[in-house]
Amino acid sequence: MAIMSAPTTFQPILERIAEDIERTPGRGRPADYIPALAACDPRRFGMAVAEPDGTVYGVGDWREPFSTQSITKVFTLALDLAREGDALWEHVGREPSGNPFNSLVQLEYENGIPRNPFINAGALVVTDRLHTRTGDAAGELLAFLRAESGNPDLTYDEEVAASEAAHGDRNAALGHFMASYSNIDNPVPVLLEQYFRQCSVAASCADLALATGFLARHGIRADGTRLLTRSQAKQVNAVMLTCGTYDAAGDFAYRVGLPGKSGVGGGIIAVVPGRCTLCVWSPGLDERGNSVAGVAALDRFTTLTGLSVF
Ligand code: GLU
């Protein structure tokens with residue numbers, strides 16, 4: 001039976017979701033194309049909800065750091081958009097791609113302009129532009145995550161970064177291909193180092209639910225300063241809804257009904273604008289690259305609370 005009034009505390013709902021997930025068989029498989037991720041136990045599960053004032057609730061492995069991977073693409077997008085505004089959209093689109101996250105095929109037809117900032121090609125463009133503007137894109141990201149989560153210990157996982165660099169031919173191909181269209185400013189090896197460091201940041205569900213808070217607060221950071229205009233915060237949420245969960249964004253919108261962004265480490269962040277932010281982690285992925293238990297848990301959350309954008 002659905003609870004349709006907004007809850008006063010999220011803790012009982014999280015506990016109920018964790019029990020439901022515990023009973024569910026089948027968790028998918030951890031990503032194996034980055035060897036350092038392949039060893040994760042698919043039965044790990046954590047979930048956190050943060051309210052706009054920084055109150056955070058959690059269940060399971062919600063304080064356990066995991067590999068954030070593509071979730072970081074939301075933060076680099078926001079950091080770059082805050083600096084350069086709409087000029088960014090001349091270099092990357094905002095349409096779902098319908099192709100796998102690391103696909104090369106559309107890029108040639110579309111003259112080196114990636115479909116959106118959340119496929120790898122688009123994320124490389126965003127990181128490149130942020131790096132040009134700051135001189136240290138990955139460092140800028142890390143500083144932001146530390147400040148918003150209130151956790152000064154957040155850092156890169158050098159083993160994951162090295163593992164990805166050693167298996168990074170496809171990202172290198174994307175970088176070089178876009179450079180041939182003059183859509184990358186920095187030398188491709190410099191960009192790849194930044195991008196792999198960015199993806200390697202380890203953070204927990206609690207850290208990421210808190211760090212995503214600016215999207216529930218319509219662009220306002222944890223310290224009360226503004227990162228994005230209200231309109232830009234809406235835009236980032238909209239791109240998450242339409243492009244944030246690989247080529248399964250339609251199914252995610254159908255099941256969960258929230259802006260979300262997943263990563264191959266098994267994490268997913270989600271936003272209920274004005275109300276709360278969520279992060280769920282479980283390393284077993286489906287064939288599209290989304291966490292099986294993570295999507296199921298967010299589906300349960302919106303069903304039980306009635307909190308969705310629809
Ligand atoms: N670092 C990963 C890659 O570029 C990120 C993939 C993901 O989480 O979607 O392949």
Side-chain angles (χ1 to χ4, degrees), residues 28-38 40 42 65-77 92 96-104 107 114-128 130-131 137-138 141-142 145 156-178 184 188-203 205 208 212 239-240 242-249 252 260-270 279-292 294-295:
R29 292 169 40 140
D32 54 10
Y33 78 103
I34 303 173
L37 298 181
C40 287
F66 62 89
S67 194
T68 55
Q69 295 295 323
S70 280
I71 290 175
T72 58
K73 295 171 183 175
V74 171
F75 302 104
T76 48
L77 172 64
V92 60
S97 76
N99 282 312
F101 67 99
N102 54 6
S103 172
L104 283 141
L107 267 183
R115 271 288 172 104
N116 69 67
F118 294 152
I119 52 174
N120 282 14
L124 285 164
V125 167
V126 171
T127 297
D128 178 62
L130 185 62
H131 193 61
L141 165 75
L142 188 60
L145 292 177
Y156 313 112
D157 182 329
E158 300 294 352
E159 187 198 339
V160 170
S163 182
E164 197 169 350
H167 298 81
D169 292 332
R170 198 167 260 271
N171 284 318
L174 290 168
H176 285 293
F177 196 62
M178 292 189 292
I184 295 292
V188 172
V190 171
L191 168 59
L192 291 175
E193 192 193 337
Q194 289 290 318
Y195 175 74
F196 294 144
R197 284 174 83 74
Q198 160 186 338
C199 291
S200 83
V201 171
C205 291
L208 290 172
T212 309
V239 179
M240 286 170 72
T242 53
C243 310
T245 41
Y246 306 119
D247 45 335
F252 185 85
K261 180 76 201 86
S262 54
V264 294
I268 309 176
I269 57 171
C279 180
V280 59
W281 171 60
S282 185
L285 309 180
D286 61 24
E287 65 287 353
R288 301 299 215 349
N290 294 308
S291 168
V292 173
V295 176

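For ligands, and for the atoms within them, numbers begin at 1 and follow the listed sequence. For clarity, every value in this text was computed on a predicted model and none was experimentally measured.
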For this session: Scan side-chain atoms only and decide if Gln198 and Thr72 contain a donor-acceptor pair under the 3.5 Å cut-off.
Result: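 A pair is found: one side chain offers a donor N or O, the other an acceptor, under 3.5 Å apart.
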
Problem set entry | Distance-only donor-acceptor check, side chains Lys261 and Tyr246, under 3.5 Å | no

For ligand 1, which of its N or O atoms have a protein N or O partner closer than 3.5 Å, and how long is each gap?
{"residue": "ligand 1", "atom": "1 (N)", "partner": "Gln69", "partner atom": "OE1", "Å": "2.6"}
{"residue": "ligand 1", "atom": "1 (N)", "partner": "Glu164", "partner atom": "OE1", "Å": "2.9"}
{"residue": "ligand 1", "atom": "1 (N)", "partner": "Glu164", "partner atom": "OE2", "Å": "2.4"}
{"residue": "ligand 1", "atom": "4 (O)", "partner": "Asn120", "partner atom": "ND2", "Å": "2.8"}
{"residue": "ligand 1", "atom": "4 (O)", "partner": "Glu164", "partner atom": "OE2", "Å": "3.1"}
{"residue": "ligand 1", "atom": "4 (O)", "partner": "Asn171", "partner atom": "ND2", "Å": "3.0"}
{"residue": "ligand 1", "atom": "4 (O)", "partner": "Tyr195", "partner atom": "OH", "Å": "2.6"}
{"residue": "ligand 1", "atom": "8 (O)", "partner": "Ser70", "partner atom": "N", "Å": "3.0"}
{"residue": "ligand 1", "atom": "8 (O)", "partner": "Ser70", "partner atom": "OG", "Å": "2.8"}
{"residue": "ligand 1", "atom": "8 (O)", "partner": "Tyr246", "partner atom": "OH", "Å": "3.2"}
{"residue": "ligand 1", "atom": "8 (O)", "partner": "Val264", "partner atom": "N", "Å": "2.9"}
{"residue": "ligand 1", "atom": "9 (O)", "partner": "Ser70", "partner atom": "OG", "Å": "2.4"}
{"residue": "ligand 1", "atom": "9 (O)", "partner": "Tyr246", "partner atom": "OH", "Å": "2.5"}
{"residue": "ligand 1", "atom": "10 (O)", "partner": "Tyr33", "partner atom": "OH", "Å": "2.7"}
{"residue": "ligand 1", "atom": "10 (O)", "partner": "Asn120", "partner atom": "ND2", "Å": "3.3"}
{"residue": "ligand 1", "atom": "10 (O)", "partner": "Glu164", "partner atom": "OE2", "Å": "3.4"}

Quick check against the 3.5 Å criterion: does [X] have a side-chain atom that pairs as donor or acceptor with the backbone of [Y]?
X      : Y      : result
His167 : Ile34  : no
Asn290 : Thr245 : yes
Tyr195 : Val190 : no

Problem set entry | Any residue meeting salt bridge (charged side-chain N to carboxylate O under 4.0 Å, His left out) with Glu158, in chain and number order, not counting sequence neighbours |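 So Glu158 forms a salt bridge (charged side-chain N to carboxylate O under 4.0 Å, His left out) with Arg197.
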
